[in-house]
Amino acid sequence: PSPFRLLPVPLQNRVQPDGSIVAVPERGTMMGNRGGKFHRDDKTLGKRRWASHHWICCDMHYKNMKHEAMGKGYTSLFFLDEVTALAAGHRPCFFCRRAEAKEFLGERKVNDFDRELHPQRLARHEASVRDLPNGTMIEHEGKAFAVKGSRLLQWSHSQYGLAIPRASVMKARLLTPPLIVSILAKGYQPRWHPSATTGEQA
């Protein structure tokens with residue numbers, strides 16, 4: 001037998017803050033979907049990147065329910081944390097995260113919200129970094145950073161790393177859709193990866 005053990009190839013279902021979907025080993029701390037199934041029968045992606053405009057962010061584990069990552073019903077996606085999911089245009093799920101979903105949407109109806117949000121997911125936005133609330137993500141020098149207090153935390157699929165002063169960046173590409181930024185500005189507290197606390201103090 002070969003001394004080398006072949007590792008399984010990761011599925012292309014890991015979401016980056018700009019909404020793109022890649023294949024990397026890290027699965028992060030949260031999962032979600034984009035309104036149904038958009039993968040092919042061989043569990044690869046074609047040109048499609050969503051099934052509908054209902055993009056959600058879910059608990060990784062909920063009441064011991066089992067699911068197939070790329071099954072018959074929907075294409076499962078994975079995020080480092082909720083901050084990443086929000087940047088990519090996903091909102092809290094009403095099934096497994098009902099309390100957070102109600103806090104997030106307030107009095108707004110889900111379908112109306114998702115329809116308004118969808119064009120923002122696909123557009124480019126610029127922002128003044130000093131005005132952004134915690135939990136917003138930006139792109140700076142080709143890398144994604146999350147706003148947390150006076151720092152910008154560099155994102156990766158496994159953790160937040162290098163922290164730089166927020167004041168060192170004046171304007172940047174805004175990754176988090178403006179509609180979600182407005183919700184963060186009103187006080188919604190997204191779930192952060194544990195490394196964000198370490199990064200903030202770095």
Determine, for Asp59 against Arg191, whether the closest basic-nitrogen to carboxylate-oxygen distance falls under 4.0 angstrom.
-> yes
Can Glu82 and Arg97 be counted as an ion pair, charged N to O under 4.0 angstrom?
-> yes
Does the side chain of [X] reach to within under 4.5 Å of the side chain of [Y], using non-hydrogen atoms?
X      : Y      : answer
Phe78  : Met60  : yes
Phe104 : Ile183 : yes
Asn33  : Phe38  : no
Pro10  : Val24  : no
His53  : Leu117 : no
Arg151 : Phe145 : no
Cys57  : Pro92  : no
Val110 : Arg115 : no

On the ring face of [Y], is [X] found with NZ or CZ under 6.0 Å from the centre and within 45° of the axis?
X      : Y      : result
Arg108 : Phe113 : no
Lys143 : Trp155 : no
Arg91  : Trp55  : no

Please check this pair: side chain of [X] against backbone of [Y], looking for a donor-acceptor N/O pair closer than 3.5 Å.
X      : Y      : result
Thr84  : Pro17  : no
Glu126 : Leu174 : no
Asn13  : Leu77  : no
His90  : Ala85  : no
His125 : Gln120 : yes
Gln189 : Gly187 : yes
Glu26  : Leu80  : no
Arg121 : Gly89  : yes
Thr176 : Val181 : no
Arg166 : Gly149 : yes

Which heavy atom in [X] sits nearest to a heavy atom in [Y], and how many Å separate them?
X      : Y      : result
Val129 : Ile138 : CG2-CD1, 4.0 Å
Glu139 : Ala172 : O-CB, 3.5 Å
Ile21  : Gln12  : O-NE2, 2.9 Å
His54  : Asp114 : ND1-OD2, 2.6 Å
Leu132 : Val147 : O-CG1, 3.9 Å
Arg14  : Arg27  : NH2-CG, 3.2 Å

State the OG-CE distance between Ser168 and Met170, to the nearest 0.5 angstrom.
-> 10.0 Å
Here the gap from Arg34 atom CZ to His118 atom NE2, rounded to the nearest 0.5 Å, amounts to 9.0 Å
Hey, are Thr75 and His39 close enough side-chain-wise for a donor-acceptor pair under 3.5 Å?
-> yes
With side chain to side chain donor-acceptor pair (under 3.5 Å) as the test, would you mind laying out the steps for His157 and Gln16 before giving the verdict?
-> CA-CA 8 Å; His157 283 283; Gln16 303 190 119; 3.1 Å; yes
Connected via hydrophobic side-chain network under 4.5 Å: [X] and [Y]:
X      : Y      : value
Leu184 : Leu105 : yes
Leu175 : Val83  : yes
Leu179 : Phe94  : yes
Met70  : Val15  : yes

Would you call the rings of Trp192 and Tyr160 parallel, tilted or perpendicular, where under 30° means parallel and over 60° means perpendicular?
-> tilted
Is it true that atom CG of Asp131 has more than 12 heavy atoms of other residues, nucleotides or ligands lying nearer than 6.0 Å?
-> yes
